[in-house]
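Here's the structure, in structure tokens; my notes come after.
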Protein chains: 4
Amino acid sequence: MNIHSLVMADGSTREDKKECILSAALELFAEKGFHGTAVPEIAQKAGVAAGTIYRYFASKEAIVNAVYQRHKSQLLASVMADFPYDGNARAQVHHFIAATFGFAKKHPLAFKFLELHHHAPYLDDKSREVEQSVVAMANGFVEQHEHNKVLRKAPQGVLAGLVWGAMVGLIRAGWEGRCTELTPKAEIAFEEAIWDAVRRPDTT
Amino acid sequence: MNIHSLVMADGSTREDKKECILSAALELFAEKGFHGTAVPEIAQKAGVAAGTIYRYFASKEAIVNAVYQRHKSQLLASVMADFPYDGNARAQVHHFIAATFGFAKKHPLAFKFLELHHHAPYLDDKSREVEQSVVAMANGFVEQHEHNKVLRKAPQGVLAGLVWGAMVGLIRAGWEGRCTELTPKAEIAFEEAIWDAVRRPDTT
Amino acid sequence: MNIHSLVMADGSTREDKKECILSAALELFAEKGFHGTAVPEIAQKAGVAAGTIYRYFASKEAIVNAVYQRHKSQLLASVMADFPYDGNARAQVHHFIAATFGFAKKHPLAFKFLELHHHAPYLDDKSREVEQSVVAMANGFVEQHEHNKVLRKAPQGVLAGLVWGAMVGLIRAGWEGRCTELTPKAEIAFEEAIWDAVRRPDTT
Amino acid sequence: MNIHSLVMADGSTREDKKECILSAALELFAEKGFHGTAVPEIAQKAGVAAGTIYRYFASKEAIVNAVYQRHKSQLLASVMADFPYDGNARAQVHHFIAATFGFAKKHPLAFKFLELHHHAPYLDDKSREVEQSVVAMANGFVEQHEHNKVLRKAPQGVLAGLVWGAMVGLIRAGWEGRCTELTPKAEIAFEEAIWDAVRRPDTT
DNA sequence: CATGAATGAGTTTTCATTCAT
DNA sequence: TATGAATGAAAACTCATTCAT
């Protein structure tokens with residue numbers, strides 16, 4: 001028994017309860033958006049009283065921001081984990097796509113939430129900071145390989161926007177039934193297509 | 001004097017007023033989302049009284065659906081207009097991309113609105129139908145050329161999702177300052193990349 | 001029919017309704033204080049729906065401030081009206097006391113309200129400004145006559161505090177049944193006592 | 001922050017804790033009023049848990065009544081202590097004023113609290129009883145000396161209301177910066193003024 | 001038809017009180 | 001006995017919708 005996870009009456013801990021709230025909020029925000037979700041709804045889905053929410057979060061906005069930061073960081077971590085810094089661009093693209101698809105399949109609600117709440121006006125500075133760091137990393141990667149004549153020459157941001165957009169587009173297509181779920185076959189086809197899109201054409 | 005454009009006291013017509021409301025709604029919904037926009041706000045921006053809205057639309061949901069259907073159809077029409085049915089796949093891809101970027105640049109609010117309200121729970125059957133017809137057309141196009149061995153082989157929906165997603169990704173990147181505005185140069189680079197992504201690799 | 005007092009369905013005007021709200025608020029705030037009064041209570045006593053209040057006032061704080069400013073100004077006006085600027089100090093003291101008691105008898109709730117909300121943290125700058133002007137006037141009066149050796153010498157603010165406090169004390173005593181209602185007899189006795197308190201003793 | 005917290009660290013007694021709660025409540029109620037103060041706030045300032053409050057007091061109302069009764073009694077005791085029952089009216093007035101001002105200077109929060117919660121609807125019968133006994137004493141004193149032709153003739157309650165009100169007025173003026181703090185000089189001037197107000201005029 | 005004041009259910013948030021530990 | 005997390009009723013405030021004019 002330690003101060004940071006006191007065990008409660010029902011066997012749950014403080015952290016458990018916060019987790020329940022965050023998880024309920026993720027689900028509802030992903031489904032119905034921020035303004036479309038009422039705090040008591042979150043409370044009910046989390047199995048707590050409405051007032052209890054406010055023992056853990058200062059406001060509804062604080063909840064979205066907590067959810068956003070948590071899952072954006074998770075996504076970033078998923079992509080960064082085992083990233084082949086010393087590999088070639090092809091291997092890095094593979095890792096990036098596989099990691100992103102892996103995250104989207106494992107945490108579809110989180111991915112949906114992140115897409116839906118992207119650049120929302122109620123996100124705070126810290127949330128935007130997390131977002132910025134992801135963008136910066138992507139641009140850095142592209143520029144480095146572009147400069148090394150491995151990637152296609154294109155105005156700043158075009159390749160990054162294309163690749164990220166294409167992945168989101170495919171994942172969304174999966175959710176909405178416009179394509180079969182992300183099978184390994186689909187992933188491979190996608191990856192090859194994207195590689196042909198971004199690599200410098202005169203390269204073999 | 002005809003039924004569809006009764007002239008009113010102030011010289012305006014029924015259609016004029018409806019137009020004002022739809023245009024105000026488009027702007028606000030694109031900026032602040034459906035739940036983030038109040039009906040009286042729309043009325044004010046449209047220059048009519050709040051109650052007047054309800055002579056033209058049964059509810060707030062009816063407004064958002066009207067806006068969605070109108071601009072989704074417009075987008076579809078833009079892409080279909082002068083479509084080179086008899087041209088080769090390359091020319092068709094060019095037309096598609098140019099038309100879509102053209103629409104996004106000419107009607108940025110409409111494009112933003114459509115992306116933001118994509119698959120929202122308050123969209124009705126008719127809105128979904130419009131969406132479906134767009135998807136069907138895209139898939140038809142892809143399948144035809146895939147079968148003709150012009151396009152890359154990939155599971156159903158992958159190429160369409162990739163291309164559409166990539167375009168949305170680039171346009172968003174422009175809005176959010178992650179890349180320069182959509183210059184002709186950027187469009188050309190994008191188009192070449194996408195063509196390399198979708199064409200059958202062993203084709204020259 | 002004029003713009004500033006449009007006649008409504010029930011024959012009432014916009015101003016009438018605002019009046020009802022202010023009057024209901026005065027009564028409740030005087031009785032139960034600011035924090036002790038709920039907005040729906042005000043609405044009910046005013047005979048309007050809770051939401052209607054917010055068509056007339058931006059917030060609960062805006063209501064107290066409107067009530068405060070209105071009645072503080074009225075009190076000031078009552079005291080200033082027909083003030084014998086050219087009379088001697090005795091006549092001025094008489095006028096001041098008579099006018100204040102007159103106000104307190106005619107508008108007991110307003111007087112009670114003003115005493116109860118004196119210097120409350122939710123009063124805004126404008127309310128404080130009104131208060132300041134009253135204090136400044138009182139001090140100016142005292143200093144002038146003190147200097148002319150008509151009034152007793154005392155540190156700044158003592159005589160003003162004493163006189164105002166004494167009046168409030170007597171009025172409160174009346175409310176709380178500690179003395180008979182403010183009969184003319186009581187007023188005369190009070191006035192003579194106060195005059196003996198403030199005049200310079202060696203004066204006859 | 002309270003003086004009793006150190007004591008509680010080693011062996012805390014029931015009375016110690018009750019003291020802490022009452023002292024915290026006094027401070028907060030005096031500053032922010034009854035409805036403006038939250039029970040958990042009192043608990044925090046008292047250095048106890050919110051639930052603990054309810055082992056000592058049945059409700060928030062019980063706290064405010066306990067505070068009221070305690071300090072009203074204290075004030076009464078301060079005035080009664082060493083009261084010159086055998087002295088003349090002048091000496092008694094002096095004692096009364098000096099004792100009241102002494103209390104107000106020594107326990108400004110208590111004095112402010114008592115003024116602020118005077119006749120509040122949440123005060124119970126016992127609180128009102130304490131208040132009554134003070135009033136009765138004051139009236140008894142006045143009537144006795146009036147009858148002895150020492151004090152001015154005035155309807156029942158007028159002189160008591162005047163004197164008490166004047167004192168409160170002066171003390172408030174001090175709090176609000178309308179006069180210098182209660183210096184001995186100010187007290188003397190006040191006392192002389194009040195004596196001239198209440199004594200029978202034809203008496204020297 | 002157009003208006004916009006009025007409505008009241010719904011929103012987010014607070015807080016006096018309880019109760020399992 | 002003391003705790004403080006949990007509660008849920010009630011607070012202030014918003015807004016989609018109605019309806020008398």
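With DNA chain E read from its 5' end, the first of the two nearest nucleotides for S59(D) and A58(A) is the one closest to A58(A). When the nearest nucleotides of DNA chain F are assigned to F34(C) and F34(B) by heavy-atom distance, the more 5′-ward of the two goes with F34(C).
Residues H117(C) and V64(C) come closest through the heavy atom pair CD2-CG1, 3.9 Å. Contact detail for A24(B) and K45(B): the closest heavy-atom pair is CB-CG, 3.6 Å. Taking all atoms of both residues into account, the shortest heavy-atom contact from A46(C) to C20(C) is CB-O, 3.7 Å. For V130(B) against S73(B), the heavy-atom pair with the smallest separation is CG1-OG, 4.1 Å. Closest non-hydrogen pair, A66(C) versus L22(C), comes out as CB-CD2, 3.8 Å.
In this structure, I63(D) atom CD1 and dC15(E) atom P are separated by 15 Å, rounded to whole Å. Atom-to-atom, OH of Y56(A) to C1' of dT12(E) comes out at 19 Å; the value is rounded to the nearest Å. Atom pair Y54(A):OH and dT13(E):C1' shows a separation of 5 Å (rounding to whole Å applied). At whole-Å resolution of the value, CD1 in I42(C) and P in dA11(F) are 12 Å apart. The OH-P distance, from Y122(B) to dA16(F), rounds to 13 Å in whole Å. What separates CZ of F57(B) from P of dT18(F) is a distance of 16 Å, to the nearest Å. One interatomic measurement links the two molecules: CD of Q44(B) to P of dC15(F), which rounds to 13 Å at whole-angstrom precision. Computed from coordinates, the I21(C) CD1 to dA5(E) P distance equals 13 Å when rounded to whole Å.
Ring geometry for F29(A) versus F113(A): interplanar angle of 30 to 60°, hence tilted.
Within a 6.0 Å sphere centred on CD of Q44(B), other residues, nucleotides and ligands contribute 12 heavy atoms or fewer.
A cation-pi contact, defined as under 6.0 Å to the ring centre and within 45° of the axis, links K18(B) to F57(B).
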Check nucleotides 7-11 of chain E for protein N or O atoms closer than 3.5 Å to its own N or O atoms and list the pairs.
| residue | atom | partner | partner atom | Å |
| --- | --- | --- | --- | --- |
| dT7(E) | OP2 | A49(C) | N | 2.9 |
| dT7(E) | OP2 | T52(C) | OG1 | 2.6 |

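Pairing analysis of DNA chain E (Watson-Crick: purine N1 to pyrimidine N3 plus N6-O4 or O6-N4; G-U wobble: N1-O2 and O6-N3; both under 3.5 Å) yields stems of 3 or more pairs at E:2-21 with F:2-21.
Every residue two or more places apart in sequence or in another chain was checked for a salt bridge (charged side-chain N to carboxylate O under 4.0 Å, His left out) with K60(C), and none qualifies.
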